[in-house]
Amino acid sequence: MTSHPNSVTPQRFPVVIVGAGPAGLTVGNILRAADVDCLVLEAETRTFIEQRPRAGVIEEWAVRGLERRGLADTLLERAQLHTECEFRFAGDRFRLSYGELTGQHHFVYPQPLLVTDLVREYADVRGGEIRFGAQDIELHDLESPRPSVSYTDAQTGQRHVVECEFVAGCDGARGVTRTVLPPTTTVSRHDYGVGWLALLAEAPPSSDCVLFGIHPHGFAGHMARSPEVTRYYLECPPGDAPENWSHERVWSELQSRLRADGSPPLTEGRLIEKRVLDMHNYVVEPMTFGRLFLAGDAAHLTAPIAAKGMNLALHDAFLLGDALVAYLGKDDGSGLDGYSETCLRRVWDYQEFSQWLSEVYHGTSSGDEYRAGTTFARLRRLFTSPAAAEAFAEQYLGTASAY
């Protein structure tokens, strides 16, 4: 974090948002709905962010939050609704109807579609300023009442400076906003010691719900993304190379790990995405530094074990957007003062659930007989105890977390 050069005439916006993902665009839309000017800076192109493959499961409380802010019309028209999930292990299948237990459900709506909706609403409908291709972003004077952000326009090569009152850091784990945090910031990290091969298959879903395969060879997951495309996961060694997984090997392992008596084989198709994710989580505390407020993956990461990442990003964005509107419109700083603490309550709750669920997914493939035994104990309890099933459903849907 350095002082910016004085060779350019600064622009001024009350809020600069770094990153045009779900968190940044939601904050921007909340600000524009309250007639607060803001600027979104994004390193990639609009086409890129509208096609970038990411998460697809949104919890009902998050959808209702989007709906209250006028951001869910297309989602509510097009999203699939899921009310059940199914665990498969030892050749058997066990279905859990979390919709019946809680009265709520999941929405399946791929993140690229949500980003497309949010950027259209922000830029085309609400008149929000957004600069794509913003390179070499730097943050300045964050501990002063007048911070600023400088960047280079990728098309013209010109350097720009933007003065503001607040910066929203929504640019993910590798973004610039993480690099300016002081040494007093704590970053807590947990590595699961496993990898997941993330796959997109050009094949219709093979089940009407999410499937979790618990198998000695490793975990496997099946998640619908659309009527034509299915997301699959396969547990693999951390650091494994996608090239090690041929089309034949992928489908052989998926068929084996997700097999259950009485269920037809998976519908196979062309693999259109194949990448290895090393399973780890982290949490940044506090999520603020001076006039910088982090949101989404810039502040915390949850591995896709429990499909929580996009939901946490939206939770942050609701709180931050509302808090900025209250401060800039009513001089009410209570929301900003409590932002980090309020966000982190849900963050840590989701971290704990992901860790619990990871043991269920990976215990039988760990090579540790003790972990395998406790995994089966958890699964038996889940399907024999109504109280355990209800507690799982609340955590899976996020209804047990404080808003």
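Start at 1 with the first residue, then count along the sequence.
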Any sub-3.5 Å donor-acceptor pair from Gln135's side-chain atoms to Ala43's backbone N or O? yes
Any non-hydrogen side-chain atom of Met310 less than 4.5 Å from a side-chain atom of Leu114? yes
Please name the pair of heavy atoms, one in Ala323 and one in Gly335, separated by the smallest distance, quoted to 0.1 Å. CB-C, 3.5 Å
For Tyr282, does the six-membered ring have the charged nitrogen or CZ of Arg178 within the cation-pi criterion, i.e. under 6.0 angstrom from the centroid and within 45° of the normal? yes
For side chain to side chain contact (heavy atoms under 4.5 Å, CB included), just list the numbers for Ile17 and Leu31, CA-CA rounded to whole Å, side-chain angles, deciding distance to a tenth of an Å, and then say yes or no. CA-CA 11 Å; Ile17 300 165; Leu31 294 173; 4.2 Å; yes
Walk me through whether Glu138 and Asp136 qualify under side chain to side chain contact (heavy atoms under 4.5 Å, CB included). CA-CA 6 Å; Glu138 294 183 7; Asp136 303 320; 5.7 Å; no
To the nearest 0.5 angstrom, please state how far the CD atom of Glu84 sits from the CG atom of Leu101. 10.0 Å
Does NZ or CZ of Arg69 come closer than 6.0 Å to the centre of the six-membered ring of Phe318, within 45° of the ring's axis? yes
So for atom CZ, which belongs to Arg78, do other residues, nucleotides or ligands contribute more than 12 heavy atoms lying within a distance under 6.0 Å? no
For Glu100, I'd like to know if atom CD has over 12 heavy atoms of other residues, nucleotides or ligands within 6.0 Å. no
Any donor and acceptor pair, going by atom type alone, linking the side chain of Asp278 with main-chain N or O of Gly239 inside 3.5 Å? yes
Apply salt bridge (Lys or Arg N to Asp or Glu O under 4.0 Å) to Arg93 and Glu86, showing your working. CA-CA 7 Å; Arg93 49 193 296 204; Glu86 186 172 295; 3.2 Å; yes
Side chain to side chain contact (heavy atoms under 4.5 Å, CB included) for Glu285 and Trp348? Distances and angles first, verdict last. CA-CA 11 Å; Glu285 296 186 82; Trp348 279 115; 3.4 Å; yes
For Trp251 and Thr267, work out which heavy atoms get closest and say how close. CH2-O, 3.7 Å
Between the CG atom in Leu292 and the CZ atom in Phe166, the distance rounded to the nearest 0.5 Å is 11.5 Å
If you take the centroid of each ring, where Trp contributes its six-membered ring, are Tyr98 and Phe392 closer together than 6.0 Å? no
Gln351 side chain reached by His190 side chain, heavy atoms, under 4.5 Å: no
What distance do Ile305 atom CD1 and Tyr233 atom OH have between them, rounded to the nearest 0.5 Å? 10.5 Å
Shortest non-hydrogen contact from Glu60 to His105? OE1-N, 3.0 Å
What heavy-atom pair brings Ala168 and Leu320 nearest, and what distance separates the two atoms? CB-CD2, 4.0 Å
Only one of Phe212, Phe376, Phe94, Tyr396 clears ring-ring contact (aromatic ring centres under 6.0 Å, His included) with Phe87; which? Phe212
Can you find a heavy atom in the side chain of Arg88 that is under 4.5 Å from one in the side chain of Ser263? yes
From the list Leu324, Ile130, Val16, Val15, side-chain contact (heavy atoms from CB on, under 4.5 Å) with Cys38 holds only for Val15
Verify, without hydrogens or angle tests, whether Thr375 (side chain) and Arg371 (backbone) share a donor-acceptor contact under 3.5 angstrom. yes
Specify the closest pair of heavy atoms between Glu42 and Glu44, including all atoms of both residues, with the distance to one decimal. OE2-N, 2.9 Å
If the condition is ring-ring contact (aromatic ring centres under 6.0 Å, His included), which residues does Phe48 pass it with, not counting sequence neighbours? none
Calculate, to the nearest 0.5 Å, the distance between atoms CG and OG1 belonging to Leu199 and Thr230 respectively. 11.0 Å
Is there a donor-acceptor pair closer than 3.5 Å between any side-chain N or O of Glu268 and the backbone N or O of Ala203? no
Under the 3.5 angstrom rule, does the side chain of Glu129 hit a backbone N or O of Leu41 as a donor-acceptor pair? no
Without swapping roles, check the side chain of Asn311 against the backbone of Val57 for a donor-acceptor pair under 3.5 Å. yes
According to side-chain contact (heavy atoms from CB on, under 4.5 Å), who are the partners of Asp35, at least two apart in sequence or on a separate chain? none
Looking only at heavy atoms, which two atoms of Val36 and Pro14 are closest? And how far apart? CG1-CB, 4.3 Å
With a distance cut-off below 6.0 Å to the six-membered ring centre and an angular limit of 45° from the axis, does Arg381 pair with Trp356 as a cation-pi contact? no
Check whether Ser97 reaches the backbone of Gly99 with its side chain - one donor and one acceptor, N or O, closer than 3.5 Å. no
Less than 3.5 Å apart, any donor N or O on the side chain of His362 or Ser358 sitting next to an acceptor on the other? yes
Quick one: does His82's side chain have a donor or acceptor within less than 3.5 Å of a partner on Gln80's backbone? no
Close side-chain approach of Tyr109 to Thr74, heavy-atom, < 4.5 Å: yes
Ion pair present between Arg159 and Asp153, side-chain N to carboxylate O less than 4.0 angstrom? no
Report the C-alpha separation of Glu359 and Thr374 in whole Å, then their side-chain angles, then the decisive distance to 0.1 Å, and conclude whether the side chain to side chain donor-acceptor pair (under 3.5 Å) test is met. CA-CA 9 Å; Glu359 277 299 300; Thr374 57; 4.8 Å; no
Partners of Arg249 by salt bridge (charged side-chain N to carboxylate O under 4.0 Å, His left out), sequence neighbours excluded? none
Flag yes if more than 12 heavy atoms outside Glu341 fall under 6.0 Å of its CD atom; otherwise flag no. no
Spacing of NZ belonging to Lys308 relative to NE2 belonging to His300, to within rounding of 0.5 Å: 13.0 Å
Salt bridge check, Arg126 against Asp124: does any charged N sit closer than 4.0 Å to a carboxylate O? no
Taking Glu248's backbone N and O only, do any of them form a donor-acceptor pair with Ser252's side chain (distance below 3.5 Å, no angle check)? no
With a 4.5 Å limit on heavy-atom distance, are the side chains of His222 and Pro205 in contact? yes
Distance check, rounded to the nearest 0.5 Å: Ile214 atom CD1 versus Thr364 atom OG1? 6.0 Å
If you define the side chain from C-beta out and look only at heavy atoms, does anything of Leu234 sit under 4.5 Å from Val250? yes
Any luck finding a side-chain donor-acceptor pair between Asn29 and Glu121 under 3.5 Å? no
So does Glu253 get a backbone contact from the side chain of Ser256, meaning a donor-acceptor N/O pair under 3.5 Å? no
Less than 4.5 Å apart, any side-chain heavy atom of Arg120 and any of Arg46? yes
In sequence, state the C-alpha distance, the side-chain angles, and the governing distance for Gln104 and Glu59, and then conclude on side chain to side chain donor-acceptor pair (under 3.5 Å). CA-CA 9 Å; Gln104 297 196 28; Glu59 294 165 354; over 6 Å; no
Check each of Leu71, Ile49, Leu75 against Leu118 using the side-chain contact (heavy atoms from CB on, under 4.5 Å) test, and report the only one that passes. Leu71
Are Val18 and Tyr151 packed together at the side-chain level, in the sense that at least one heavy-atom pair is separated by less than 4.5 angstrom? no
